Each structure stands twice: as structure tokens, then as C-alpha cells.
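Below is one structure, written out as C-alpha cells; comments come after it.
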Protein chains: 2
Amino acid sequence: MITLKQLAEQLNVSISTVSKALHNSEEISPDTIVRVKALAKHLNYKPNKVAISLKNSKTNTIGVIIPDILNHFFAKALLAIEKEASKQGYNIITCLSNEKKTKEINSLNLLSNGSVDGFIMSIAEETQVANNVDHINAILLQNIPVVLFDRVSDNIACDKVIIDDFGAAYEATKHLLSEGRKHIVLIGDIQDLSVGKLRVNGYAEALKETSNYINEPVVVSINKDNLIDETIQDVFKKHPSVDGIISIDNTSGVVALQKAQKLNYNIPKDLSIIGFSDENVLQFTDPKLTTISQHTLDIGKASVKLLLDRLNNKKQIASKTKTIKTKLVLRGTTK
Amino acid sequence: MITLKQLAEQLNVSISTVSKALHNSEEISPDTIVRVKALAKHLNYKPNKVAISLKNSKTNTIGVIIPDILNHFFAKALLAIEKEASKQGYNIITCLSNEKKTKEINSLNLLSNGSVDGFIMSIAEETQVANNVDHINAILLQNIPVVLFDRVSDNIACDKVIIDDFGAAYEATKHLLSEGRKHIVLIGDIQDLSVGKLRVNGYAEALKETSNYINEPVVVSINKDNLIDETIQDVFKKHPSVDGIISIDNTSGVVALQKAQKLNYNIPKDLSIIGFSDENVLQFTDPKLTTISQHTLDIGKASVKLLLDRLNNKKQIASKTKTIKTKLVLRGTTK
DNA sequence: CTGAAAGCGCTAACAG
DNA sequence: CTGTTAGCGCTTTCAG
């Protein structure tokens, strides 16, 4: 890489003159500025990012920790984060915790040495199950800002971006009730997560409020991917009168639809299905799945904004929590 | 952040003594080492990464440029790259080109200022269509190593990781022929890409070699996601006697299967389908899709290895191309 | 208008 | 065994 020093030598001026010239300093003669810039351009000079970071104690880099990049929700969130960060002149260093607490701790430790100005993350499943977030609080104690999105924790005082999980599930359930559904089952593989619990509660509350709904809430947990087929087939065996299904994760709604079609349920006449999925699954089914849209891009964008707000304004104290609106998008799997 | 200077002041020793002590230098008395380390631990000292990068002219960071993170193949490749890089003590800065050439150029320019030691990337669609890779060659001219994976270009002399696209499609086609299929259609949305062209060629070659195969090759291009439904339905309309489908992208195989089932094709009796998809789509269909497995994790891992090899051994000249074996995994959609 | 010097945090050659 | 110094590349104050 070409440096200021090399430019200075070739031009027989000092390093500081070169530096100032490249910044259009008033102190430098127009003539010199032209000469310096010409050579800089000719040699494709680029200011060394590392040196600037050291000088400014600021890297313009955000650490992003994603629990599961193969989950479409997180991939899309990353897309939005990268886009907004890039727009604001920030790079992102991506770490994938793969739902492991140790990897999460490791990533935080490895990057909290001046590598990044702050973190945007969603908490790993293992961490949420263990309910131990000391490692994240440790980062905050070092005065490195953190923004949590989607999977958050009440035990961490920082900026957060969430959706109204309770309300979204509540609304979806209410919709099925309004269709006259009498036997609504909730399925999902994220009941251990903060968001999963809230969604289950929203579902339960909607049923509870409905005086003429006589069945008990049914919550079916999918534990491992390889058992998803059987688990969902069991739903239809155990609850042959099921007439509404709410999936609170990304994929089980689609699988439920496939299985129901295989069993010759008439959808949506006999059975309605609502997924908590992203648009990507639409192409995989016919009829198309009614979903709760999470506005994932907005979640990512808002996360970056909150973080940069804090970076640019260290004195602000109160943590903000931004709630992104969800939307129930009716398609072919509901009446 | 706590610095060597602060430790030195508190201990009344020089900065270099502290630095050496922390590195277990023989020059330093055991007693001092203990004292220094104790304080460092107590204050949670971490060497400033930026300073070390500046000192060493090495960031231990890899720039990764991904064309489309919502594509499962690339998400998985990123997963593998991050995992291997992390294992080797490297961070990754992720940029998403979103298939745009300008974004690709931008990312390369912004990171080729000492931010990263090298790049791992797959070429954006727009770049491949325009067939202009000057910006990538410019990086190589700056002596920054680049590893290309999946989507490569003959006009770039660098290390590459690919699969045998021609061979994989050839093998899949041969398999369908061995089942006695007489009317095999290829579908996909990546015919503009290097990999897509090779796959089409492999398909065509297999047909051509088969003397008793009388139908012409049929290549159906899917242009936009929103037209995928109609495009595939058209296949069945135009070619009612189709008895074999090869999808060369991630999703169209699944869609073809759905549509065929809707049209009451008996699969795999009347019609076989082979997808170029990852395992993630398996849960979405019944029967499960026969696929060409790309060993995506190996692709990512190999890319990191090639890059680090080059970083650690600058003198090597010849570019290597590593070909990862594919595997035809027979499942329910073939006989 | 230009240059010298200090300093960001660290390492390492050299001096004591 | 410990300290001084220079330097990685840059910005910026201060001197000239």
C-alpha cells in the first residue's frame, strides 16, 4: 500500500503538507494541492484504514452476532443491517454463534478489543435457555454499546428492537376465531426462546378471552428438524378435528400445510393455517400461506440506527426499545 | 479500553516491561511477570487490535463478498467461511453485493485500504453478465489475494474453489436416462451465470451422447421470482409428455414438484425430478427431492484454506483451482 | 504557505 | 532484569 510518506518523498514536501493537501486545507497553496492530488490519484493512494482507526479510536465497524444464518429471518436481518451500515459508512464484522453460548462469549470477547465500535446481536438459544447474560452485560460495562434485536432479555439494559410477539400471535388467533374456528393448535420449534414464549402467550390469551371457545389451548413443540414430519403428522392424528393451525416459526407452517394437503384436508375450507414466516416460503406452497409479516428489513435498519445514535451521542442514558409493527397478511390458507 | 500505558503507570514500570511481561519474555523477572499479569487480569486488559494491526501490517481479517445472502447456498457458504476463519484466528467482514456490480466494486474499494488481508468472493450476477472483472483484477494488482468460489471467471488469475458443474448436471441427466426417461426438461434461473451455463452444457452433452434419445434438449429460463409459478406451469402445458425434470438452481425443483403433484403426476412413476438444491428444502416436500449435493460447507472451508495458504506463503505463484466433488443423492423423486 | 513534532497503542531493537 | 527509543500511518497543533 502507498503511504503519505511515499507521496511526500516523491513530491519533496513534508508528510503533513501532503495530508493537509488531500484534505483541501486552507493552509496549503492551490498549486500544491493540485500536485499532491494528482500524484495520489496516479498512485491510487488510499488512506490506511487501520492507522485512521488508531488515531481516532474509532473503527467505523459494527460487530454483528447472528444465531443462525440458515434461518431466513436472520439472513434477511443481516441483509438489512449490512445495507444500512454500508449506507452510513460502516462495515460489519459478522460472527455466527450457531445458537451456542460459548461461541457468543468468544465472539464478544474477541471483538471487544477495539475491533468494533459496538454490537448488534440476537441472543443465542443456548444463552436464552440458560438465562445467563453476564457476558453481554460485561460488554456494556466496558462502555461498548450493544443493540439487541428479536431475541432480547429483560436482564440487559440496552437498546432493543423487537416486534410485538404477543400481539401478533394474539391477532392471528383472533382472526382464526373470527372465522369460526373451534379447535386451534399452535406449533413451533422456538418455545424456549423469549419470542416463542410471548407468541404462545398471545395465542393462549386470545383463546381465553373467547368465552364460547371450549377447547383447551394445544401447544405442540418441535424439537429436532428430523422429527418435524412425524411431529406434525401426529397433530392430525391426535387432533383430527383441528380446524386452525398457527405456526410460530419460519418453517413448520409450510410443513403443516403439506401434510394437511396430503391428508386431503380442504384448505382453507376445513382448516386454516397461519405461519410466522417470511415471504420466501410463498413459492413453495399452493395455496399460498397466510403469514404474519415481521418487516424484517425494518428490524435490521432500526437496529443500525439505534446503535449509531448511541455511538454519536454517548451521553444519552435511557435505553430505548423500538417495536416494529407486524402485519397479518391474508392469503390462500385462511378464509 | 485499558492500555499498556495505564498498566505501566499503576505498576511504576515502563511500558515495554509490561509488554514483555505479558508475553512471558525471558528478560523479565518472574516476580514482575506475576505482578503485571495480575493487574492486567484484574483490569481486564486486552491488547488493542487496531494498534497490533498497524504494527504488523496485518489485520487477520478476511473480506467476504456474497452476491445474495437470502440464497441458501450462499448463506451456507458464509457459515462455513466464518467457521473456518474463526478457527484460524481470523474475523470476516461481510459485504453483500446483492448481485450488483457497483456494490461489488464499492466493497472491494472500501476494504482494500488495509482493512482486510484478502478477499473471498463469488461474482455478482451483474458482473458476470457484463463480463467485466477489471475491478477484481485491480485488487490482485495491489497484491491483495482473492479467492473466488462458485461463480468464477476465466479472466481472473487467482485461486478458485468450484464444483464440477458440467459433470454434476451430466451425471444427473444420465441417471434420468438410465431410468428410461424420454423427455427431460431443464429448468432454472441462473442460465446467465458461469455455473448455470456449465450445467446446461452437461445436460445437453448427456442427451447428445445418447443415441436413442430423440427429443431435443429443452431449457426453460425463469426470469423473475414472481413468474416462477406460471413459467413452471407452462412447462407442463407445453410438454405434457415430460417425464424428467432437472432444476439447476436452489428452488425451482421444489416448485416443479409442487406443481406436478397438483396436476396429479405420479412421482416418481410418471415423472422424475432432480434439484440442485441444498438439504434445507427437503422438509418442504413429500416425497423428498432427489438432489445434487454440492458440499457447500467444504466449498467455504476450502476457500478459507486457499486464502490463508496464500497469505502465509506470499511467494507461491501458480494459482490453484480446487474442485469440490458433488454427489447425486437419490430420494423420493427419482425411481 | 510549509514543516516539525507529538501521539493514537503496540512491539522490538538496543542501551544500560 | 528494566528502560529508552523508534516506528507502523495518520492527523493536528504549533512553529516558522
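Everything quoted here is computed from the prediction, not taken from an experiment. Chain identifiers are assigned alphabetically (A, B, ...) following the order of the sequence lines, protein sequences preceding nucleic acid strands; residue numbering begins at 1 within each chain.
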Report summary line: Each nucleotide of nucleotides 10-16 of chain D classed B (base within 4.0 Å of a protein heavy atom), S (only sugar-phosphate) or -, in 5' to 3' order, makes BBBBB--

Query raised in the report: Across the strands shown, which category fits B:S53 at heavy-atom distances under 4.0 angstrom: base, sugar-phosphate, nothing?
Result: nothing

Report task. For D:dC8, take OP1 and OP2 only and decide whether either is under 4.0 Å from a side-chain N or O of B:S57. Result -> no

Report task. Could you list all the side-chain hydrogen bond (donor to acceptor under 3.5 Å, both in side chains) pairs where at least one residue sits in residues 7-17 of chain A, not counting sequence neighbours? Result -> A:S14-A:S16, A:S14-A:T17

**Report entry** Helix axis bend for the helix from C:dC1-D:dG16 to C:dG16-D:dC1 - C1'-based end axes, five pairs, 10° rounding
**Finding:** 60°

Query - All salt bridge (charged side-chain N to carboxylate O under 4.0 Å, His left out) counterparts of A:K100, not counting sequence neighbours - result: A:E126

Query raised in the report: Checking all strands, does A:V13 fall into the base, sugar-phosphate, or nothing category for heavy-atom contacts under 4.0 angstrom?
Result: sugar-phosphate

**Report entry** Qualifying side-chain hydrogen bond (donor to acceptor under 3.5 Å, both in side chains) pairs, either residue in residues 148-159 of chain B, two or more places apart
**Finding:** B:E99-B:R151, B:D159-B:R310

Query raised in the report: Is the B:F149 ring parallel, tilted or perpendicular to the B:F74 ring (thresholds 30°, 60°)?
Result: perpendicular

Query raised in the report: In whole angstrom, what separates B:L11's CG from D:dG3's P?
Result: 10 Å

Query - First-last contacting nucleotides on DNA chain C - partner chain A, under 4.0 angstrom, heavy atom - result: C:dC1 to C:dG9

Query raised in the report: B:K58 pairs by side chain to side chain donor-acceptor pair (under 3.5 Å) with which of B:N60, B:N56, B:T61?
Result: B:N60

Query - Proximity to the side chain of B:I28 - top-ranked nucleotide from D:dC1, D:dT2, D:dG9 - result: D:dT2

